[in-house]
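Both backbone and side-chain heavy atoms feed into the values below; hydrogens, waters and symmetry mates do not.
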Amino acid sequence: MPHPYFFCSRTSASAIFFLLALLPTLSSAAEMVEAPMAMYFDDSQMVEVATRAPKPLRQVAENVSIITAEEIETMHAQSLGEVLSRLPGVFVYSSPPDFNGGSQVFIQGSQEEHVLVLIDGVRLNSAMSGAADVNHLPLRIIERIEIIKGPASSAWGSSQGGVINILTKKTGSAAKPIATVSGSFGERQVAQYEADLTGKAGTIGYYLYAGQQDSNGLMSDRYYDSGRVYGKLGVDLPRSSTLTLTGSALSPHYRTTDITLGSAWAPDYNQDIRDRNHFFTANYDTPLTDSLHLNLGARQYERTFIDNRIILPTTLTGTPDDLFYKARWQEKSKGMNVHLSWQDDWQQVSLGGEMNRSEMSTTTEYGPWTQTNWWVPAQDNSKPGYEETWGVYLNDTMTFGRLTLTPGLRYDHHSISKSMVSPSLGATFKLREDTLLRAIAARGFQHPILSYLSGGGIWDIRNPALKPEVVTSWQMGVENRSLPFLSLKFNTFLHSIKDTWWADGFGTYWNGGVTQRQGFEVEAATTPWHNLSLVANNTYALTKPEDTGEDVATTATNLIVRYQDQQGWRGELTGQYIWWDTLHTGGLGQYGQTENLVWNASLGRTVYSSSFVSCDLYAKVYNLFNGAQDNSVWYQSPDRWVLAGMKLTF
């Protein structure tokens with residue numbers, strides 16, 4: 001358990017943040033406008049992720065957060081992990097915490113493989129690790145992100161921890177194209193260049209993007225570069241039908257850090273990673289009647305992940321600059337889906353099915369030290385692994401005045417592991433015009449990761465008998481804006497997971513006992529006061545594993561101070577505190593972790609605007625006060641650094 005000092009520090013920080021959130025009460029009602037969280041009571045705010053068909057947010061029983069393109073633009077963030085880390089219930093672990101690099105997402109105390117990440121319907125979760133690395137996706141292409149916190153298996157299948165659904169920008173609707181070119185530059189040769197183009201030629205709309213990110217590393221043992229391209233075409237067809245084609249290619253290359261073990265039993269090494277991936281999708285959407293809608297989709301995803309490790313000069317064993325080992329993972333997946341939605345004045349029904357086939361293989365090259373000490377050949381080609389999954393689902397939304405009921409049911413089949421049935425029942429109740437209650441009970445699951453079940457190299461002992469983790473979940477929440485200057489949201493959760501996975505000393509996974517994840521989220525947002533507004537949130541997640549008997553807790557607090565005036569100035573001051581438990585950091589969280597807040601500040605303005613071109617300038621300071629918030633002794637966070645950027649829109 002964390003030291004009592006740290007618990008008091010976390011509690012004090014949370015209390016201060018929420019006292020600060022009440023400061024705008026000093027203003028007059030005439031200065032108030034709608035609060036940022038007023039969207040919970042706005043029927044125009046439509047959400048797709050809950051039942052896979054758009055419906056008003058006030059009818060969504062799940063604990064959902066939404067991020068829009070406008071919010072992302074205001075943040076001047078450099079990665080998706082930076083964006084997601086500001087949300088209640090969402091924890092982002094960066095390795096390293098540098099200018100981009102690897103990043104994993106945890107929701108409400110889950111493991112990273114429990115969070116399903118989708119973009120354009122493509123599942124980004126790796127067949128190798130089960131997790132999705134979110135940091136390499138370009139933010140410019142995102143129109144909206146919808147996050148379900150907690151199991152969403154009745155709609156999405158294997159998703160014990162939650163779902164992050166990334167919706168990309170729409171194609172253009174006007175013949176005159178709109179182009180945006182931007183660049184940002186910072187310390188240690190940090191740079192980002194981006195350009196996109198949107199428009200319509202005849203019946204074909206388009207959105208095209210290309211970008212590049214580079215850095216010499218904010219710490220001397222790191223670097224990062226990545227090229228990214230994305231394209232979307234929308235073809236208008238007869239009877240209000242559309243055919244949408246998308247494609248993406250990413251090629252991040254980065255060095256994480258120098259691992260200095262200082263041991264005679266294993267060498268010191270650096271880790272160099274190349275992660276090339278691409279996907280293609282096709283979607284056909286058509287209204288069959290005024291009430292009935294059909295969507296057909298197909299997708300393909302491929303990834304090559306290369307982990308190259310070289311022995312360092314500081315090593316006590318092995319030869320410096322020799323190969324330690326180089327692992328090349330390759331995976332492919334193909335899938336298709338069909339979805340029918342029907343809607344009338346009081347009911348919306350979603351019915352559909354999907355199937356997916358995945359395969360993976362590995363090739364590992366071992367250096368002289370590894371061959372001698374690990375008794376392995378120079379090269380090991382693994383046995384390939386294959387899996388097929390398919391599922392059918394039915395979700396309903398029924399409105400009875402102020403009450404909305406959302407029952408759901410899904411059946412999933414897995415070619416290796418067992419089949420699963422996932423029911424859910426949710427409800428929202430509009431207690432008053434300014435108060436909304438939510439509750440949901442659900443049974444969800446997580447299919448075993450393909451690399452745990454089959455395939456693998458000479459040291460891998462797979463367990464094809466590994467069963468899915470099964471979760472029973474309860475969540476309750478309330479949103480309130482009875483005060484004209486303040487919106488509040490509170491949610492509590494309890495997830496009970498049986499057949500929890502655990503690994504023995506040989507890397508083989510087995511089913512264990514029951515693990516409970518419980519905690520709460522609370523957030524507050526004020527209306528602007530003299531152009532200033534505040535957003536604050538706090539999350540507490542307690543994990544109670546039956547097998548180890550050790551309870552561990554993760555706590556995060558965010559404070560966001562926003563400024564926006566009529567002259568076009570926009571700024572933010574953000575503070576974040578996070579305490580990682582040892583489960584999520586492989587036992588490393590204790591070593592470098594501190595209780596410091598980390599503050600970032602940004603300021604931007606539209607300096608010129610005409611009918612032909614507009615120009616925006618901005619600057620951002622990271623880690624304003626040199627606060628230490630290290631993930632481990634190796635993945636230390638850099639001190640204060642600065643970047644500035646410009647965006648031109650034609």
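- Every residue meeting the side chain to side chain contact (heavy atoms under 4.5 Å, CB included) condition with Glu143, not counting sequence neighbours, appears here in chain and number order: Lys169.
- With sequence neighbours excluded, no residue forms a side-chain hydrogen bond (donor to acceptor under 3.5 Å, both in side chains) with Glu113.
- With rounding to the nearest 0.5 Å, the separation of CG in Leu84 from CZ in Phe91 is 13.0 Å.
- His76 pairs by the side-chain hydrogen bond (donor to acceptor under 3.5 Å, both in side chains) definition with nothing, not counting sequence neighbours.
- For the side-chain hydrogen bond (donor to acceptor under 3.5 Å, both in side chains) with Arg517, the lone residue among Gln160, His114, Gln111 that qualifies is Gln160.
- Separation of atoms OG (Ser184) and OH (Tyr618) is listed at 4.0 Å; rounding is to 0.5 Å.
- Between the side chains of Ser614 and Tyr608, no donor N or O sits under 3.5 Å from an acceptor N or O.
- A salt bridge is absent between Arg605 and Asp565: the closest approach of a Lys/Arg side-chain nitrogen to an acidic carboxylate oxygen does not fall below 4.0 angstrom.
- Here the side chain of Gln213 pairs no donor or acceptor atom with the backbone of Asn100 at under 3.5 angstrom.
- For the residue pair Arg402/Thr428, the side-chain donor-acceptor check at 3.5 Å is not satisfied.
- In this structure, His136 and Tyr224 have parallel ring planes: the angle between them is below the 30° cut-off, well short of the 60° mark.
- Sorted by first and then second residue, the pairs that involve residues 75-97 and meet salt bridge (Lys or Arg N to Asp or Glu O under 4.0 Å), not counting sequence neighbours, are Glu82-Lys620, Arg86-Glu572.
- For Glu521 and Gln108, the side-chain atoms include at least one donor-acceptor pair closer than 3.5 Å.
- Note on residues 48-70: no pairs pass ring pair (Phe, Tyr, Trp, His ring centres under 6.0 Å), not counting sequence neighbours.
- When the salt bridge (Lys or Arg N to Asp or Glu O under 4.0 Å) test is applied to Asp214, no partner is found at least two apart in sequence or on another chain.
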